[in-house]
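Have a look at the structure below before the remarks.
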Number of protein chains: 2
Amino acid sequence: MLHEEVVGRIRAILLDGEIPPGARIPERELCERLQISRTPLREALKVLAAEGLVQLLPHRGSRAAKLTDKDMRDLFEVCQGLEALAGELACERITDAELDEIAAAHADMVRHYREGDLIQYYRGNRAIHEAIVTAAGNPVLAGLYASVTARIRRARYVTPMTPQRWALAVKEHEAILNALQRRDGTGLSHILRAHLRHKREEVLQAGFAETEGNEPTLRIA
Amino acid sequence: MLHEEVVGRIRAILLDGEIPPGARIPERELCERLQISRTPLREALKVLAAEGLVQLLPHRGSRAAKLTDKDMRDLFEVCQGLEALAGELACERITDAELDEIAAAHADMVRHYREGDLIQYYRGNRAIHEAIVTAAGNPVLAGLYASVTARIRRARYVTPMTPQRWALAVKEHEAILNALQRRDGTGLSHILRAHLRHKREEVLQAGFAETEGNEPTLRIA
DNA sequence: ATTCCCAATTTTGCATTCAAAAATGTAAAA
DNA sequence: TTTTACATTTTTGAATGCAAAATTGGGAAT
């Protein structure tokens, strides 16, 4: 198994919440499960620690990182900035084919909204946001975005929404698609910021920070 | 020696250009120099590879990463976005004490400009940009900024400037300080973007991309 | 019963070792 | 002289071993 694959497998285990935030990471167990020795496992853990998904405690092993309210706020703030930038760049560079794909994903998402299927709605939602970042054509930006969104994914894509908030989110997505189609970078960036700000408020209000006695148990879509 | 210290030492060696972009990283030599064995060294290299400073080639060891023109453009683009965001947030959160420090650093930098001392000018310049990011009060943002700027540091802070460009840069810094003092987040974010865009143009025009036969040999200030 | 202390055990972090892959050098053939 | 085939050496990637640190468990003292 290649180094990057080991990192990916452990990342997935953490994002799935199989090892919940704050829990110790059982080295020996993971070694057996992935059929590798401690050396490559530990290399992967150091990389994930640099990403912020794992917390290393000298001589006390590693734990799945826990997010405080402040962490969550900071991550959403940066995510807002990155998506706003991606939106602007996407408007300059997006191809018609990419635009069609996003429009299709949008229609799909709206259908799931009408059907009241939150899981599928979130899946389509995420696909749209990621497609915008891809359309920005900047791999550095895409990399940072991936790393930031990984850390808030569980909060972002599992928080339940009131009917009002959900309706607003869909409305905002209409505006997002519209701005993209008009190649209105400035407009899109403003809409994306507002959209993310609303999502952050939802998440923080729902008390999703991963502090003591507040372990999210839901699985991501 | 602690893991983070090993990473830091190697990072410094790479940023100093002691191992120039594209060059193989001599494991055995570094082990002797840092007085550690290959295990912790290799752990550090994987982390630096995830940061983008090192390139890992399966079964062929690791090299100091080389930046193409496209990489440089992408990094500057993201850096622009991060600094613009930092500027906005800093205007909301900066304390009077922080503002005074930046004003002092600015005065210092202008003095070095008047004296024609490019090295010292760049040192002060960098301190200001970093202080703005710190004043944003968002450690996640600060971390991403550090990682992005590390990769372009050599290009950003060693490129020679024409007198015209240098004068413009100083003028932009006057505007930066002014916007900060007026707590004009939107204005500051626009100025920072333009400032970084100009720097990027300089760097790319100077042909600083680290492609074949174009190894920068200058040391950073 | 609770707290404290200390021995036994486990876990961590790193050095070393080992097998596999790549690089190098040499000699023969074209 | 250049190219190719092959044996040798070097380097890489991962498993193992070992010392140091932390955790655990049990008994003595309060």
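In the text below, chain A, chain B and the rest are named by the order of the sequence lines, each starting its count at 1. Side chains included, hydrogens not; waters and symmetry mates left out as well; all remaining heavy atoms used.
- Remark: B/E77 CD to B/M72 CE distance equals 14.0 Å, nearest 0.5 Å.
- Evaluation of the salt bridge (charged side-chain N to carboxylate O under 4.0 Å, His left out) rule for B/E202 yields B/K199 as partners, not counting sequence neighbours.
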Treating primed atoms plus P, OP1 and OP2 as sugar-phosphate and everything else as base, which nucleotides of nucleotides 17-25 of chain D get B, S or - for protein heavy atoms under 4.0 Å? B---SSS--

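- Residues B/L141 and A/D74 have side chains not in contact (no heavy-atom distance under 4.5 Å, counting atoms from C-beta outward).
- Salt bridge annotation for A/E83-A/R156: present, with a cationic side-chain nitrogen under 4.0 angstrom from a carboxylate oxygen.
- Rounding to whole angstrom units, CG of residue B/L56 and P of D/dT11 are separated by 18 Å.
- Along DNA chain D, the nucleotide nearest A/I36 and the nucleotide nearest B/E27 are compared for position; the residue whose nucleotide lies closer to the 5' end is B/E27.
- The nearest pair of heavy atoms linking A/G137 to A/R93 is O-NH1, 4.2 Å.
- For the pair B/L41 CG and D/dT11 P, the interatomic distance rounds to 14 Å; values are reported in whole Å.
- The side chain to side chain donor-acceptor pair (under 3.5 Å) test applied to A/R11 returns A/E51, not counting sequence neighbours.
- Counting all heavy atoms, side chain and backbone alike, A/N138 lies closest to A/V140 at OD1-N, 3.0 Å.
- Annotation: side chain of A/L53 is in contact with side chain of A/L15 (closest heavy-atom distance under 4.5 Å).
- Between the CZ atom of A/R28 and the P atom of D/dT16 there is a distance of 11 Å, given to the nearest Å.
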Between A/E29 and A/R33, is the salt bridge (Lys or Arg N to Asp or Glu O under 4.0 Å) condition met? List the steps. CA-CA 6 Å; A/E29 228 175 89; A/R33 174 156 161 196; over 6 Å; no

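- Applying the ring-ring contact (aromatic ring centres under 6.0 Å, His included) test to B/H173 and every residue at least two apart in sequence or in another chain returns B/H129, B/H195.
- You can see that DNA chain C meets the heavy atoms of chain A within a 4.0 Å-exclusive cut from C/dT11 to C/dG13, reading 5' to 3'.
- The stretch residues 2-14 of chain A has no heavy atom under 4.0 angstrom from DNA chain C at all.
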